[in-house]
Amino acid sequence: MIPEAVLTALRLTQAVGETAQHQGLPQPPLEWPYDPQATLIPLPSIDDLKPPAADLWQIMAQRRTLRHYAEQPLTLDELALLLWATQGVRQVTKRPATLRTVPSAGARHAFETLLLVNRVTGLGKGVYRYLALRHALLPYEADPEIAQRLYRACYEQEHILSSAVTFFWVAVAERMTWRYGARGLRYLFLDAGHVCQNLYLAAEGLGCGVCAIGAFDDDALNPALNLDGSTAFVVYGATVGKRAPRPHE
């Protein structure tokens, strides 16, 4: 669901006939600001990680949605690889813009990544924010009830509680609409598809499975993640965990 406040703003943009970029307004920041005194959790450098060898064609052939996971946690190395695959920054250009591991309309990259961590070695339970420009994590929400709140907001889908980690991709709408106006809304959803597909493929290569989440109550999920639902709102999510054999397998 597209928040009504966003639709109203975009209708006004259409009426004016010019995007914010064409009006000479400054572009939004490449990422949300954060307290420079905050303690960040550095992630293993992608240059130091050695992902297992995997054949892309085989991965595409065997990929399927997985809702049942083993109790085995993800390692911090594995989480770093998944984050790199979905939002990793390869270069910051002079524009400025970021060139990442996924395509985005006009290199706008309008997403922030929030993670519900249930089982990741070295991390406590709670919600973390991925700082793509720093390749680091920032603790975001440590409320012990946060997993239950997100579970209820996603219509009690059990794999949110049983996953090792659940990704939530938050659209910062202005990053996209600044350049594309109303048309930027469709690009947000196209971009979300690119990101989630990379997660599916990278997870498959790590012996994990993914289940995309498109069913959730916006009016419950956004407040649970401290989002206003207007300037920033969840557009997509996905659970991830190690493969567990099913009784019939």
Side-chain angles (χ1 to χ4, degrees), residues 43-44 46 49 51-88 100-104 109 111-121 123 125-130 132 135 137 140 146-147 150-151 153-171 188-216 221 225 234-249:
L43 290 167
I46 194 67
L49 295 175
D55 181 275
L56 176 61
W57 300 104
Q58 180 181 354
I59 285 175
M60 287 193 291
Q62 69 189 30
R63 184 223 60 79
R64 63 184 179 84
T65 292
L66 188 71
R67 293 178 176 84
H68 301 275
Y69 307 113
E71 294 184 3
Q72 177 184 357
L74 291 183
T75 67
L76 200 59
D77 284 6
E78 289 170 329
L79 180 59
L81 285 167
L82 295 176
L83 287 166
W84 172 256
T86 53
Q87 283 290 275
R100 306 197 187 197
T101 52
V102 291
S104 174
H109 294 291
F111 297 137
E112 295 284 341
T113 303
L114 298 181
L115 305 167
L116 170 65
V117 169
N118 292 320
R119 293 187 311 283
V120 175
T121 304
L123 293 179
K125 293 185 177 182
V127 175
Y128 296 79
R129 176 184 157 204
Y130 178 50
H135 191 55
L137 295 177
Y140 185 84
I146 188 60
L150 298 176
Y151 161 70
C154 294
Y155 302 123
E156 300 185 352
Q157 296 179 66
E158 294 291 339
H159 49 105
I160 290 173
L161 296 178
S162 65
S163 69
V165 62
T166 298
F167 285 63
F168 291 102
W169 292 294
V170 177
L188 289 175
F189 293 99
L190 292 172
D191 281 8
H194 301 321
V195 171
C196 193
Q197 183 64 19
N198 261 28
L199 180 65
Y200 265 101
L201 297 178
E204 189 71 32
L206 293 174
C208 299
V210 173
C211 181
I213 301 169
F216 49 82
L221 183 58
L225 290 171
V234 176
V235 296
Y236 211 7
T239 56
V240 184
K242 287 289 186 178
R243 291 189 169 278
R246 299 295 302 279
H248 62 277
E249 293 179 334

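Computed over heavy atoms, backbone and side chain alike; hydrogens, waters and symmetry mates excluded. This structure is a prediction, so every number in the text was calculated from the model and none was measured. Heads up: numbering here begins at 1 and tracks the sequence.
- Applying the ring pair (Phe, Tyr, Trp, His ring centres under 6.0 Å) rule to Y128 yields no partners; only residues at least two apart in sequence or on another chain are considered.
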Side chain to side chain contact (heavy atoms under 4.5 Å, CB included) between L82 and L74, intermediate numbers included: CA-CA 10 Å; L82 295 176; L74 291 183; 4.1 Å; yes
Please report the C-alpha distance between L225 and V234 in whole Å, then the side-chain angles of each, then the deciding distance to 0.1 Å, and finally whether the side chain to side chain contact (heavy atoms under 4.5 Å, CB included) criterion is met. CA-CA 9 Å; L225 290 171; V234 176; 3.8 Å; yes
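- Heavy atoms only, all atoms of each residue included: Y69 and A244 are closest at C-CB, 3.4 Å.
- Partners of E78 according to the salt bridge (charged side-chain N to carboxylate O under 4.0 Å, His left out) rule, which considers only residues two or more places apart in sequence or in another chain, are K242.
- Take R129 and apply the salt bridge (charged side-chain N to carboxylate O under 4.0 Å, His left out) test, not counting sequence neighbours, and it matches E112.
- Listed by chain and residue number, nothing satisfies the salt bridge (charged side-chain N to carboxylate O under 4.0 Å, His left out) test with R119 (two or more places apart in sequence, or in another chain).
- Around CZ of R67, the count of heavy atoms belonging to other residues, nucleotides or ligands within 6.0 Å does not exceed 12.
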Go through the steps to decide whether L115 and L79 satisfy the test side chain to side chain contact (heavy atoms under 4.5 Å, CB included), and finish with yes or no. CA-CA 10 Å; L115 305 167; L79 180 59; 4.3 Å; yes
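- Of the N and O atoms on the side chains of T86 and N198, not one donor lies less than 3.5 Å from an acceptor on the other residue.
- Nearest heavy-atom pair, I59 versus A54, reported as atom, atom and distance to 0.1 Å: CD1-CB, 3.4 Å.
- Contact detail for P51 and L49: the closest heavy-atom pair is CD-O, 3.4 Å.
- H135 pairs by the ring pair (Phe, Tyr, Trp, His ring centres under 6.0 Å) definition with Y130, not counting sequence neighbours.
- For the residue pair L66 and G209, the shortest heavy atom distance occurs at CD2-CA, 3.6 Å.
- In terms of heavy atoms, R64 sits closest to E204 at N-OE1, 4.3 Å.
- Remark: Y200 engages no residue in a ring pair (Phe, Tyr, Trp, His ring centres under 6.0 Å) (not counting sequence neighbours).
- Heavy atoms from other residues, nucleotides or ligands lying under 6.0 Å from CD of E71 number 12 at most.
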If you apply the rule side chain to side chain contact (heavy atoms under 4.5 Å, CB included), what do you find for L150 with V127, and how did you get there? CA-CA 10 Å; L150 298 176; V127 175; 4.1 Å; yes
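- The shortest side-chain heavy-atom distance between C196 and W169 falls under the 4.5 Å cut-off.
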